[in-house]
Amino acid sequence: MRWTQNFIPTMKETPEGAEIPSHVLMLRAGLINQVMAGAYTYLPLGLRSLRKAERIVREQMDAAGAVELLMPAITPLSLWERTGRVEAFGDVLIQFAVRRQNRKVPMALGPTHEEVITDLVSRHLSSYRQMPITLYQIQNKFRNEERPRFGVLRTSEFLMKDAYSFNTSVESLDESYDAMYEAYCRIFDRCGIEYLPVEAESGPIGGDASCEFMIPADNGEDTVAHCPDCGYAANLERAEVGTRDCAPPDVPLDEIKKVDTPEAGTIAQVTALLGCKAEQMIKTLIYMADAQPIAVLLRGDREANEAKIRRAVDAEQIELAEPDVIQKVTGAPVGFAGPVGMAEKIPLWADRDLLRMRNCVTGANEVDTHLTGVNLGRDFQLPDDRFVDLRNADEGDPCPRCSSRLTLRHAIEVGHVFKLGTKYSEALGARFLDAEEQLHPIIMGCYGIGINRILAGLVETSHDKAGIIWPVALAPHEVLLLPMKVTDETTMEATERLYAQLREASIDVLLDDRDARAGVKFNDADLIGIPLRVVIGPRGLKEDKLEIKWRWDSEPEMIALDGAVEQIADLIREERNTAARFRAQRGNAG
RNA sequence: CGGGGCGUGGCGCAGCCUGGCUAGCGCGCCUGCUUUGGGAGCAGGAAGUCGGAGGUUCGAAUCCUCUCGCCCCGACCA
């Protein structure tokens with residue numbers, strides 16, 4: 001591909017509104033163009049990278065035994081009504097109705113395709129002999145994001161690979177799931193991405209049923225807890241807190257005292273007023289667990305984890321109680337609840353942090369009043385089995401698997417493998433007959449990869465001041481041929497010959513044939529980030545040499561013109577398969 | 001959905017508070033000459049309904065009202 005025949009609108013300045021590196025660089029390098037909030041055009045270079053990512057995904061899915069199909073983006077709304085996901089998705093589901101003769105046909109743009117594929121399978125899979133099978137597609141998905149942001153990371157239309165496995169047993173599902181997991185590792189490895197498989201909120205099957213593939217990045221929207229020593233990694237919703245450090249400190253117990261705290265109903269206000277630390281406070285949250293009020297006790301500076309609470313109390317649904325319920329249950333308005341002297345006897349649950357807290361500050365269940373010197377055991381009691389992990393993990397918490405401590409990192413979710421179970425097969429009547437002629441719902445798994453996020457995540461984690469640093473596998477082009485002087489006949493003869501021969505060798509080469517100054521070309525080359533830059537100029541040609549430089553190296557290398565094609569082709573072929581140099585430089589960069 | 005910010009040639013911005021001649025600047029673009037190994041110099045040029053609507057005024061990019069769009073923080077996120 002010749003630059004002058006291509007459409008590569010690079011920008012020297014950062015467009016207003018772009019803030020994070022991936023967004024800025026993808027815009028500046030002429031990869032994407034914003035059409036509206038949450039919708040981008042992929043320009044020629046961006047599209048090439050997108051297609052390369054797509055191809056890697058496709059190859060590995062095929063290698064893992066999955067079969068590709070393509071479902072429509074428009075779907076009948078009725079399908080979503082059957083699984084109750086019209087409500088579940090709410091405004092995120094893009095709905096509309098089109099007129100056909102004298103009737104209206106309600107539709108939705110697919111935000112994911114469990115319904116469509118399960119409906120398909122319900123019509124064509126009816127025997128255990130037809131399974132297991134894993135089907136996938138690579139398709140645009142539509143979600144009306146409340147707040148699209150971060151360029152291509154969160155958009156309302158995006159390209160996703162979604163796969164669905166159909167199995168007759170949990171054991172078979174495990175196998176399909178493992179195959180997908182392995183395929184995902186190969187995909188991200190081939191892309192040269194540094195990723196972390198993290199435990200995610202498990203589905204109806206429980207156990208290790210859900211894993212998210214995360215790219216650690218400062219601008220990631222998700223937070224993962226990670227143990228650098230044993231490798232334990234989980235998203236914040238899921239991350240367990242280790243059970244060490246539960247013994248109380250050996251300090252004398254203060255007397256319990258009632259203190260006035262006028263209009264101090266938040267942790268911040270109370271700590272400011274009383275001069276105590278949030279760590280000394282007991283935060284008392286009143287939840288409705290399946291319509292029954294319960295109290296959840298947490299250390300003042302911790303965040304409640306509603307998924308953990310829901311599991312602990314074994315409820316279908318939990319939500320924070322309304323103010324009138326809190327008034328009735330505690331005897332005080334919101335902000336003054338505490339475990340001592342509550343108006344009603346409701347079940348108390350405590351995070352394990354409480355076990356090592358002494359002389360605490362907490363609400364007195366009276367308006368504008370708190371208690372100090374509150375101590376577990378003396379002033380209030382809970383059964384042993386009510387002390388559980390109910391909060392989000394925090395930086396420095398004990399690792400649940402080893403003796404080390406957890407760190408928190410932001411991350412970009414690029415993939416998710418998930419054991420779904422029978423939710424959709426039951427709702428949509430996808431059943432099979434087993435060898436004993438018994439009817440069962442098909443057991444499903446689903447497996448997604450955000451193709452756009454592969455690119456954004458890569459750029460986010462692989463760039464320098466000058467621009468993007470692509471691995472060969474994802475780069476829009478593998479080699480950039482950069483003739484220093486397009487008006488010089490000798491230069492152009494050598495360049496054209498090289499260009500033709502590299503193409504002949506199936507190397508994906510971009511020829512910067514613009515009649516522009518060296519500085520312009522070099523800067524664009526760095527910005528776009530083609531991994532191997534080949535400079536051909538009169539200076540080198542005098543010695544029958546040309547210059548090659550990996551994007552991540554600082555110094556170029558002169559190589560002989562004679563045999564240059566083979567040398568370059570070999571380098572690219574090697575790097576294409578291993579990404580060894582790309583990885584090595586990244587290791588050095590830290 | 002709460003809080004904040006921004007809309008002025010293709011891109012980045014100034015001007016607005018304190019209304020006043022042909023609305024500026026940098027980059028990019030076009031022409032010519034000179035240059036030519038890391039975003040060239042000089043000269044000339046094209047290009048803007050100042051996001052939109054309404055209002056105030058002799059006069060509005062500037063003041064007022066409404067509206068649309070975009071971005072950031074938070075809430076939300078199959």
Side-chain angles (χ1 to χ4, degrees), chain A residues 7 9-20 23-24 27-28 30 33-40 80 83-94 108-116 141-151 153-156 158 160 162 164 200-201 203 210 212 219-223 235-237 303 306 319-320 412-413 416 418 420 423-424 446-448 450 465-467 482-488 491 512 514-528 533-542 545-547 549 554-556 558:
Chain A
F7 178 53
T10 60
M11 282 179 277
K12 206 188 282 194
E13 284 174 294
T14 300
E16 188 206 16
E19 306 223 333
I20 67 170
H23 192 194
V24 168
L27 287 167
R28 286 192 51 214
N33 179 262
Q34 182 170 7
V35 176
M36 63 176 184
Y40 288 82
W80 304 89
T83 55
R85 286 221 286 183
V86 175
E87 292 75 30
F89 274 113
D91 288 338
V92 171
L93 188 67
I94 298 177
L109 294 178
T112 174
H113 278 76
E114 280 86 0
E115 277 80 357
V116 181
K141 299 284 192 266
F142 298 85
R143 290 178 197 178
N144 179 34
E145 289 292 344
E146 296 280 320
R147 191 182 150 204
R149 60 181 135 180
F150 295 150
L153 272 181
R154 178 162 290 267
T155 54
S156 290
F158 53 97
M160 183 166 159
D162 48 324
Y164 307 88
E201 197 42 47
S210 174
E212 290 169 345
N219 289 304
E221 291 185 280
D222 293 282
T223 303
N235 73 16
L236 205 53
E237 190 175 42
E303 268 179 62
E306 297 191 355
E319 57 181 348
L320 278 170
I412 297 163
E413 183 188 349
H416 195 171
F418 191 67
L420 252 186
K423 177 178 172 185
Y424 297 99
C446 75
Y447 318 93
K465 270 173 245 132
L482 201 158
M484 288 304 304
K485 196 172 181 182
V486 297
T487 51
D488 179 67
T491 302
D512 188 353
R514 291 177 298 171
D515 183 8
R517 302 176 68 83
V520 172
K521 291 193 179 192
F522 283 142
N523 279 305
D524 272 347
D526 289 346
L527 178 59
I528 287 169
R533 189 187 76 187
V534 179
V535 175
I536 308 106
R539 193 187 285 178
L541 288 178
K542 268 183 215 152
K545 286 189 169 166
L546 48 77
E547 169 194 311
K549 184 178 99 65
S554 52
E555 294 305 318
M558 301 302 290

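Computed from heavy atoms alone, side chains included, the values below leave out hydrogens, waters and symmetry copies. In what follows, chains carry the letters A, B, and so on, assigned in the order in which the sequence lines appear, proteins first and then strands, with residues in each chain numbered from 1.
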Q: Return the value, rounded to whole Å, for the distance between atom CG of A:Asn144 and atom C1' of B:C77.
A: 12 Å
Q: Heavy atoms under 4.0 Å, any strand shown: does A:Gln34 hit a base, just sugar-phosphate, or nothing?
A: sugar-phosphate
Q: For A:Thr487, report the nucleic acid contact type (base, sugar-phosphate, nothing); a contact means any heavy atom under 4.0 Å.
A: nothing
Q: Pick base, sugar-phosphate or nothing for A:Glu114, based on heavy-atom distances below 4.0 Å to the nucleic acid.
A: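 Nothing, no nucleic acid heavy atom in range.
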Q: Would you indicate whether A:Glu221, at its atom CD, is surrounded by more than 12 heavy atoms from other residues, nucleotides or ligands within a distance under 6.0 Å?
A: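 Check passes, neighbour count above 12.
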Q: Could you walk me through whether A:Asp524 and A:Thr10 pass the side chain to side chain donor-acceptor pair (under 3.5 Å) check?
A: CA-CA 7 Å; A:Asp524 272 347; A:Thr10 60; 3.1 Å; yes
Q: Base, sugar-phosphate or nothing for A:Ala37? Non-hydrogen atoms, less than 4.0 Å.
A: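 The answer is sugar-phosphate, as A:Ala37 gets under 4.0 Å only of primed atoms, P, OP1 or OP2.
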Q: Strictly by Watson-Crick or wobble contacts shorter than 3.5 Å, is anything paired with B:C63, and which nucleotide is it?
A: B:G55
Q: Which part of the nucleic acid does A:Glu221 contact within heavy-atom distance under 4.0 Å: base, sugar-phosphate only, or nothing?
A: nothing
Q: Partner lookup for B:U36, please. Criteria are Watson-Crick or G-U wobble with both distances under 3.5 angstrom; report none if nothing qualifies.
A: none
Q: Rounded to the nearest angstrom, tell me the gap between atom CG in A:Asp512 and atom C1' in B:G39.
A: 13 Å
Q: Whether the side chain of A:Arg533 and the base of B:G37 hold a donor-acceptor pair under 3.5 Å is what I'd like checked.
A: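 When only heavy-atom distances are counted, A:Arg533 does not reach the base of B:G37 through any donor-acceptor pair under 3.5 Å.
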Q: If we call it a pair only when both distances are under 3.5 Å in a Watson-Crick or G-U wobble match, what pairs with B:C25?
A: B:G12
Q: Once rounded to the nearest 0.5 Å, what's the spacing between atom CZ of A:Arg85 and atom CH2 of A:Trp80?
A: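 Reported to 0.5 Å precision, the distance equals 5.5 Å.
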Q: Using Watson-Crick or G-U wobble geometry with both distances under 3.5 Å, which nucleotide pairs with B:U49?
A: none
Q: State the pairing partner of B:U18; accept Watson-Crick or G-U wobble contacts with both distances under 3.5 Å, and report none otherwise.
A: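 Result: none.
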Q: For the C1' atoms, the ones on B:U62 and on B:A14, what distance do you get once it is rounded to whole angstrom?
A: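 The same atom, C1', in both gives a distance of 13 Å.
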Q: For A:Pro111, which contact category applies under a 4.0 Å heavy-atom criterion: base, sugar-phosphate, or nothing?
A: nothing
Q: How would you label the contact of A:Gly540 with the nucleic acid (heavy atoms, under 4.0 Å): base, sugar-phosphate, or nothing?
A: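 Answer is base: heavy atoms of A:Gly540 come under 4.0 Å of a base.
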Q: By the 4.0 Å heavy-atom rule, please label A:Val535 as base, sugar-phosphate, or nothing.
A: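 The answer is base, as A:Val535 lies within the cut-off (heavy atoms under 4.0 Å) of a base atom.
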Q: Please assess A:His113 against A:Tyr424 for the test ring-ring contact (aromatic ring centres under 6.0 Å, His included), listing each intermediate value before the final yes or no.
A: CA-CA 11 Å; A:His113 278 76; A:Tyr424 297 99; over 10 Å; no
Q: Would you tell me if any nitrogen or oxygen in the side chain of A:Arg517 comes within less than 4.0 Å of OP1 or OP2 on B:A40?
A: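 Checking B:A40 against A:Arg517, a side-chain N or O does come within under 4.0 Å of OP1 or OP2.
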Q: Any sub-3.5 Å donor-acceptor pair from A:Lys485's side-chain atoms to A:Gly537's backbone N or O?
A: no
Q: Look at the side chain of A:Glu13 and the base of B:G26, then say whether one donor and one acceptor between them are separated by less than 3.5 Å.
A: yes
Q: Determine whether a donor-acceptor pair (one donor, one acceptor, N or O, separation below 3.5 Å) exists between the side chain of A:Arg147 and the base of B:C77.
A: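 Answer no: no donor N or O sits under 3.5 Å from an acceptor.
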Q: Distance check needed: B:G51 C1' versus A:Met36 CE, whole Å only.
A: 18 Å
